[in-house]
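Single-structure report; data block below.
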Amino acid sequence: MEKRKLVNKYDIIFIGCITIITALFFAFNNTFGNKKVAVIEKDGVEINRIDLSKVENSYLINIDSKYPAVILVEKNKISFLEASCPDKICKKMGKISQPNQTAICLPAKITIRIDGKTNEIDGITG
Amino acid sequence: MRALKLHRIFLSNKFPRTTFFLISIILIVSVLLFINKINNHEKSFTNTTTAMGTFVNQTISAESPESIAINVSKEITDLENLISWRIKGSDIEKVNIAPALEWVSVTEKTINILCAALNTAKMTNGAFEPAILPVSILWDFSADTPKVPNENELKKAVSNVGHSNLEIDKNSLKVRKLSPLSLVDLGAVGKGAACDTAIKEYEKSNAKSAIISVGGSIGVYGTKKDKSAFNIAIRDPLNTKNDAVSFATLKIYKGCVSTSGSYERNFNVDGKFYHHVLDTKTGYPTDNDLISTTVYNESGLLTDILSTACYVLGKEKSLPLLEYYNAEAIFVDKSKHVFVTKGLKDKLNITNQSYILCDLY
């Protein structure tokens, strides 16, 4: 009677393929962090998270607060469009598009930051 | 002989090959999942709040990072409510509105910050000046149409600037001013002091690692999960439009970093450039060769004080001061020359090659 082997050459190839595919899946998952994601927070509480790279048509987000603000979401960038705060500094901050950039409206306590790691930078001083 | 029996089961026809494959796949996937879990998914939380006239961005790795972040942002707001001259009822407002010679009771936090600021003011002969409000109030860099203050008004204001008009009684937590027109503005140090407050809280709440940015002042704490250094980018002072572009990176394991630069708050009138780092002697923006100074130290308060002081002093005069405080610095001048003190030499990496590393000594 022919002895049956536990694994043959093809089994090893098959298992190898599965390993590579799963590894690739995780690698892909981890680089997912490189997307351009805008995070809108009011008083430190996240109220919106938008993948800016996937925005096709620009749209507006109204944020209710002591000083209501309108945020303009465009492909790869985001900005304060209208603000009812007294100083309007948030509007002057312009459109932000790079990871680690932040736009804020101090009176309304609304912040927008762009998430995503670039060159493994933990923070920017300046 | 159990192993042998198992071996037989595997080899027998009762054990279908598909089952064998399924088991292998599940094993591989779970091992990978497990590795992925320990490597990447320690609980980390990022949030952004506002305080000290800017944003407060924290990334914390801990068991319950959310509650730490909330505590820290509350503590920073509490600190702001003590040291901001703009806030009614703050310690500094009380000092500013009190009549001359009258002692004002303040909190220990405020006294400690005032003492540090006054100390540097004395050492720098007023190049760094906590009692600069008479001048700084005349400059509004965020106005719709910013104006250069009237020359005579500015001259008069400069004569009222001076830390020698402030007296501190550290033991009884009291402050008084000797001249009625003397006014305190701690705007140049609040962000650094906020970083210290945060680091203290991270320590207290046993965070694994954390990084806080209060505007451009940064504090780091703990050890990152991969045990690598924190990589801090330094903003490109000549790229005024995009605050996320850097010219260099600095690797640090602990402590704080603050930067002062002419690009931060400024305006142009009649072709002339005006920025917010004011020369306490003239009342006008500091006019030397520098465009950015970055200071590294354990204390955020000191980095904030020293980055302003060193910017005003210029690099040669800054060296004894930095040595005294055991602080390190990076200077950038208008010709894109970068000067770095000994302690940071191997930690700094210039990423924009148009900036040239030069010899400081």
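Each chain gets a letter, A, B and so on, in the order its sequence line appears, and its residues count up from 1.
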Quiz item: Quick one: side-chain hydrogen bond (donor to acceptor under 3.5 Å, both in side chains) pairs with a partner in residues 39-48 of chain A, sequence neighbours left out?
Solution: A:Glu41-A:Arg113, A:Glu41-B:Thr48, A:Glu46-A:Arg49
Self-check item: Nearest-0.5 Å distance that lies between atom CG in B:Asp243 and atom OG1 in A:Thr102
Solution: 7.0 Å
Exercise. Kindly say whether A:Gly44 contributes a backbone atom to a donor-acceptor pair with the side chain of B:Asn47 at under 3.5 angstrom?
Key: yes
Quiz item: How long is the span from the OG atom in B:Ser228 to the CG atom in A:Asp122, to the nearest 0.5 Å?
Solution: 7.0 Å
Quiz item: Just by distance, do the side chain of A:Thr125 and the backbone of B:Gly216 share a donor-acceptor pair under 3.5 Å?
Solution: yes
Quiz item: Can you list the steps and then say if A:Ile15 with B:Ile28 is a side-chain contact (heavy atoms from CB on, under 4.5 Å)?
Solution: CA-CA 9 Å; A:Ile15 293 168; B:Ile28 291 165; 3.4 Å; yes
Practice problem: Check the pair B:Ile232 / A:Ile124 against side-chain contact (heavy atoms from CB on, under 4.5 Å), numbers first and verdict last. | Solution: CA-CA 6 Å; B:Ile232 312 298; A:Ile124 295 194; over 6 Å; no
Quiz item: Which pairs with one or both residues in residues 245-267 of chain B pass salt bridge (charged side-chain N to carboxylate O under 4.0 Å, His left out), sequence neighbours excluded?
Solution: B:Lys254-B:Glu298
Exercise. Pick whichever of A:Thr19, A:Leu106, A:Val45, A:Ile104 has the most heavy-atom pairs under 4.5 Å with chain B.
Key: A:Leu106
Quiz item: What distance do B:Asn242 atom CG and A:Gln101 atom CD have between them, rounded to the nearest 0.5 Å?
Solution: 4.0 Å
Exercise. Below 4.5 Å from any heavy atom of chain A, which atoms of B:Ala248 appear? Answer side chain, backbone, both or neither.
Key: neither
Quiz prompt | Part of residues 64-90 of chain A lying next to chain B, heavy-atom separation under 4.5 Å | solution = A:Ile89
Quiz item: Considering only heavy atoms, which portion of B:Ala69 lies under 4.5 Å from any heavy atom of chain A: side chain, backbone, both, or neither?
Solution: neither
Exercise. Heavy-atom distances under 4.5 Å only: say whether A:Thr111 touches chain B with side chain, backbone, both or neither.
Key: side chain
Exercise. Could you name each residue pair satisfying salt bridge (charged side-chain N to carboxylate O under 4.0 Å, His left out) that touches residues 209-219 of chain B, not counting sequence neighbours?
Key: none
